[in-house]
Amino acid sequence: MTKPVAIALLLVLAVGSSLNAQDQGPVKPQFTGGVQFGYNSGAGLAFSGMISEFARGFPLGAKLGVWYSSVEAGSAWDARQIFINNATNGSPEKKGQNWELKLDFLYPVKLLSALQTQMFGGVRHSSFTGNFKFVGGNEDFDVTSSQWGVGGGLESHFGMSRRVDLLLTAGVDYYFGGMLYGHDTAYNPNNENVNPREDFTYSDADAAIGRPTLKPLVMLGFGYRF
């Protein structure tokens with residue numbers, strides 16, 4: 001093959017590839033907003049936004065979600081002893097809540113031919129607050145913590161209309177240790193603690209507080225494709 005012929009062949013191939021890309025048209029990402037409710041180590045509610053098909057041939061989607069759940073606060077008497085003092089007066093009341101920010105990447109998988117299912121996994125950040133109140137005991141304090149984690153699971157879409165899907169999500173999250181802070185006391189995973197009570201350690205504080213570490217979830221809701 002002579003050099004001019006080779007150059008002409010390369011030009012034909014380049015023009016053909018360009019025309020083929022133009023025939024496919026520009027990429028049109030798909031945006032989906034969702035709301036779900038169910039169990040997330042307690043009664044949970046989640047709002048999310050997902051983008052997919054943002055690059056031709058790229059199989060992954062990305063999803064950002066804000067999650068809230070009402071969770072077990074922990075042992076009120078142990079929390080008082082570990083973070084405050086050894087007093088035993090008053091009637092304990094407690095409540096716990098957890099906020100999470102989750103970033104997931106999704107990959108389509110085939111389970112049933114008529115079912116659109118995606119496997120997801122990603123990183124999480126959690127903010128926990130446990131409130132302990134001793135009525136008649138003059139104590140009302142919070143124990144707080146924030147921590148990073150990872151998680152994953154499966155999400156299935158059941159079409160209800162051209163734009164609306166029924167969503168079913170099941171998975172599990174795992175959170176790493178983080179500082180527990182209450183009143184004027186803080187316990188750290190490395191036991192470099194601040195103003196600890198008596199000889200209590202981070203393990204004691206972690207056992208007393210209901211901050212979730214392993215969080216199973218089953219959520220049901222709706223997704224809307226914009």
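What you see is a predicted model; the values in this text were computed from it and never measured.
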Problem set entry | Residue pairs passing the salt bridge (charged side-chain N to carboxylate O under 4.0 Å, His left out) test where at least one lies in residues 36-52, sequence neighbours excluded |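 Not a single pair qualifies under salt bridge (charged side-chain N to carboxylate O under 4.0 Å, His left out).
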For this session: Take Glu100 and Ser126 through the test side-chain contact (heavy atoms from CB on, under 4.5 Å) and record every step on the way to the result.
Result: CA-CA 4 Å; Glu100 298 165 279; Ser126 169; 4.1 Å; yes
For this session: For residues 180-210, pull every pair meeting ring pair (Phe, Tyr, Trp, His ring centres under 6.0 Å), keeping only residues two or more places apart or in separate chains.
Result: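 Qualifying pairs: Phe83-Tyr187.
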Between [X] and [Y], is there a shared hydrophobic cluster once you connect ILVMFWY residues whose side-chain heavy atoms come closer than 4.5 Å?
| X | Y | answer |
| --- | --- | --- |
| Tyr175 | Trp148 | no |
| Leu220 | Phe222 | yes |
| Leu60 | Leu154 | yes |
| Leu167 | Trp67 | no |
| Tyr174 | Val218 | no |

Nearest 0.5 Å, what's the [atom1]-[atom2] distance between [X] and [Y]?
| X | Y | atom1 | atom2 | result |
| --- | --- | --- | --- | --- |
| Leu180 | Ile82 | CG | CD1 | 9.5 Å |
| Ser145 | Met179 | OG | CE | 7.5 Å |
| Phe132 | Asp140 | CZ | CG | 11.0 Å |
| Asp165 | Gln116 | CG | CD | 6.5 Å |
| Leu106 | Lys63 | CG | NZ | 6.5 Å |
| Leu64 | Asp104 | CG | CG | 9.0 Å |

For this session: Under the side-chain contact (heavy atoms from CB on, under 4.5 Å) rule, what do Ile209 and Phe128 come out as? Steps first, then yes or no, please.
Result: CA-CA 10 Å; Ile209 303 303; Phe128 167 85; 3.3 Å; yes
Does [X] use its side chain to pair, donor to acceptor, with the backbone of [Y] at less than 3.5 Å?
| X | Y | value |
| --- | --- | --- |
| Arg197 | Asn195 | yes |
| Asp204 | Thr201 | yes |
| Arg163 | Arg225 | yes |
| Arg211 | Gly130 | no |
| Lys133 | Lys94 | no |

Please name the pair of heavy atoms, one in [X] and one in [Y], separated by the smallest distance, quoted to 0.1 Å.
| X | Y | value |
| --- | --- | --- |
| Trp77 | Gly90 | CH2-O, 3.6 Å |
| Ser156 | Thr117 | OG-OG1, 3.0 Å |
| Pro212 | Gln147 | O-OE1, 4.2 Å |

For this session: Please assess Asn193 against Asn188 for the test side-chain hydrogen bond (donor to acceptor under 3.5 Å, both in side chains), listing each intermediate value before the final yes or no.
Result: CA-CA 6 Å; Asn193 305 319; Asn188 289 286; 4.6 Å; no
Check: [X]/[Y] side-chain N/O donor and acceptor closer than 3.5 Å:
| X | Y | result |
| --- | --- | --- |
| Asn40 | Asn98 | no |
| Glu155 | Thr169 | yes |
| Thr129 | Thr144 | no |
| Asp142 | Asn131 | yes |

Exercise. Would Thr32 and Tyr224 count as a side-chain contact (heavy atoms from CB on, under 4.5 Å) if you check the C-alpha gap in whole Å, the side-chain angles of each, and the deciding distance to 0.1 Å?
Worked result: CA-CA 5 Å; Thr32 302; Tyr224 182 85; 5.8 Å; no
Problem set entry | Worked check of side-chain hydrogen bond (donor to acceptor under 3.5 Å, both in side chains) between Ser146 and Ser127 | CA-CA 4 Å; Ser146 63; Ser127 294; 5.5 Å; no
For this session: I would like to know whether Arg80 and Asn85 meet side-chain contact (heavy atoms from CB on, under 4.5 Å); could you show each step before the answer?
Result: CA-CA 6 Å; Arg80 185 180 195 178; Asn85 54 45; 3.8 Å; yes
For this session: For the residue pair Leu217 and Val172, establish whether any side-chain heavy-atom pair is separated by less than 4.5 Å.
Result: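 No; the side chains remain at least 4.5 Å from each other.
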For this session: Show the numbers, then the answer: is there a side-chain hydrogen bond (donor to acceptor under 3.5 Å, both in side chains) between Glu198 and Asn86?
Result: CA-CA 10 Å; Glu198 301 179 8; Asn86 289 319; 2.5 Å; yes
Problem set entry | Parallel, tilted or perpendicular, as decided by the 30° and 60° cut-offs, for the rings of Phe134 and Phe141 |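 Correct class here is parallel.
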Exercise. Do the ring centers of Tyr68 and Trp99 come within less than 6.0 Å of each other?
Worked result: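 Between Tyr68 and Trp99, the centre distance is under 6.0 Å.
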For this session: Apply salt bridge (Lys or Arg N to Asp or Glu O under 4.0 Å) to the pair Arg124 and Asp173, showing each step before the final yes or no.
Result: CA-CA 8 Å; Arg124 288 91 175 84; Asp173 296 331; 2.8 Å; yes
Exercise. If you count the non-hydrogen atoms of other residues, nucleotides and ligands that lie under 6.0 Å from CZ in Phe176, is the total more than 12?
Worked result: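 More than 12 heavy atoms, drawn from other residues, nucleotides or ligands, come within 6.0 Å of this atom.
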Show me, pair by pair, the donor-acceptor contacts under 3.5 angstrom made by side chains of residues 41-51, not counting sequence neighbours?
none

